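Below you'll find the structure I mean.
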Amino acid sequence: MPRNPVSIPVPGIEISLSAQTLTLFPDDTSKPLSYPVSTALNGPGERQSSGCTPTGRHYVRAMVGDGLPLNTVFIARRPTGEVYSERLARQFPERDWILSRIIWLCGLESGKNRGSGVDSFRRFIYIHGTPDTEPMGVPRSHGCIRMRNADVADLYDRVSPGLPVTIR
C-alpha cells in the first residue's frame, strides 16, 4: 500500500483569515515564522471598492520602505516625511494609517483576484504596518493585511518580489 506523501510547504506566505495570522515559510530549512495580523472588517472578497480582503493565490509585486524608520507614514506609497505619533493621529483622525513598510500584492487568478473589477494590485492590497495601538487578531482593515510595525519590518527584510502569497 503506497504511503501518503508528506506535504512540505513551498517558500512563500500564507495568510489565514480565520486565524488572523500570516505565516512565512522561508526558502531555507528554518522553521516557519508566524505573525498576528488584522484583515478586512468586511471579511473576504475580491470586488473593487468592497473593503474586503481578497482570497486566493497572489505574489509580492513591489516593496516600499527600504531603510526608513519604523512608523514612517505613507500616502499613495510615498513617505510623507511624517513619523506616526499620537499627536499626529489626533491631528488626522480620518487617516487609514499605512506605516513602516508596504508589501504590495498582485493576484494570480484571472477573474478572481486579477482583471477587471477584482484586481488585487489595482485595489492597492498591501501587507503594511499600522499603529501599534490597533488590535491584531481582529478583522479591522479596509482590505489590506495590517501588521505591527516591528513585525512588518521583520517580514519585509525576509521576503522579495515574486514570493508567492496565498490568502485563505
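Numbers for residues simply follow the sequence, beginning at 1. Computed from a predicted model, the values in this text were never measured in an experiment.
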For R90, all residues meeting side-chain contact (heavy atoms from CB on, under 4.5 Å), sequence neighbours excluded: E86, R87
Evaluation steps, side-chain contact (heavy atoms from CB on, under 4.5 Å), between V165 and I15: CA-CA 8 Å; V165 177; I15 298 166; 4.0 Å; yes
Any donor-acceptor pair under 3.5 Å from R101 side chain to L155 backbone: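 The answer is no, because no donor-acceptor pair under 3.5 Å joins these two groups.
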Atom CZ of R168 with >12 non-hydrogen neighbours under 6.0 angstrom: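 No, the 6.0 Å shell around CZ holds no more than 12 heavy atoms from other groups.
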Exercise: identify the closest heavy-atom pair between P54 and G143: CD-O, 4.0 Å
Nearest atoms (heavy-atom pairs only) where A40 meets G51: CB-O, 3.2 Å
Within-4.5 Å side-chain heavy-atom neighbours: D119 and N113: no
Residues that D96 engages under side-chain contact (heavy atoms from CB on, under 4.5 Å), provided they are two or more places apart: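 Checked D96 against side-chain contact (heavy atoms from CB on, under 4.5 Å); matches are H142, R146.
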Side-chain touch T53/P44, heavy atoms, less than 4.5 angstrom: no
Shortest non-hydrogen separation from E46 to R123 and the atoms involved: O-NH1, 3.3 Å
pair E134-S38: side-chain heavy atoms closer than 4.5 Å: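 No, side chains not in contact.
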Identify all side-chain donor-acceptor contacts of residues 19-26 below 3.5 Å with residues at least two apart in sequence or on another chain.
unit_1	atom_1	unit_2	atom_2	d
Q20	OE1	T39	N	2.9
Q20	OE1	T39	OG1	3.3
Q20	NE2	L17	O	2.7
Q20	NE2	T39	OG1	2.6

Members sharing V138's hydrophobic cluster (side chains within less than 4.5 Å):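 Answer for V138: none, a lone residue.
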Listed partners of S160 passing side-chain contact (heavy atoms from CB on, under 4.5 Å), at least two apart: none
4.5 Å side-chain heavy-atom contact, F74 and W97: no
Partner set under side chain to side chain donor-acceptor pair (under 3.5 Å) for S110, not counting sequence neighbours: none
Enumerate donor-acceptor pairs with a distance under 3.5 Å from any side-chain N or O in residues 125-133 to protein atoms, sequence neighbours excluded.
unit_1	atom_1	unit_2	atom_2	d
Y126	OH	R77	NH1	2.9
D132	OD1	N149	N	3.3
D132	OD1	N149	ND2	3.3

For R47, all residues meeting side chain to side chain donor-acceptor pair (under 3.5 Å), sequence neighbours excluded: none
Test item: E109 and R114 side chains (from C-beta on) under 4.5 Å apart, heavy atoms: no
Determine all donor-acceptor pairs shorter than 3.5 Å in which one atom belongs to a side chain in residues 57-70; sequence neighbours excluded.
unit_1	atom_1	unit_2	atom_2	d
H58	ND1	G56	O	3.1
H58	NE2	S120	OG	2.8
D66	OD1	Y156	OH	2.7

Note, L99 side chain near N71 side chain (heavy atom, < 4.5 Å): yes
Connected via hydrophobic side-chain network under 4.5 Å: L105 and V152: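 Hydrophobic grouping puts L105 with V152.
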Pair D154 + R158: basic N to acidic O under 4.0 Å: yes
Spacing of CG belonging to N42 relative to CZ belonging to R140, to within rounding of 0.5 Å: 13.0 Å
Within one Ile-Leu-Val-Met-Phe-Trp-Tyr cluster: I75 and F92, side-chain cutoff 4.5 Å: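 In one cluster with I75: F92, no.
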Results of side-chain contact (heavy atoms from CB on, under 4.5 Å) for D151 - residues two or more places apart only: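 D151: side-chain contact (heavy atoms from CB on, under 4.5 Å) contacts with Y35, P36, M147, R148.
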I167/I145 under side-chain contact (heavy atoms from CB on, under 4.5 Å): CA gap, chis, key distance, verdict: CA-CA 10 Å; I167 305 172; I145 295 90; 4.2 Å; yes
Test side chain to side chain donor-acceptor pair (under 3.5 Å) applied to T80 - qualifying residues, sequence neighbours left out: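 Applying side chain to side chain donor-acceptor pair (under 3.5 Å) to T80 gives E82.
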Listed partners of F124 passing ring-ring contact (aromatic ring centres under 6.0 Å, His included), at least two apart: W104
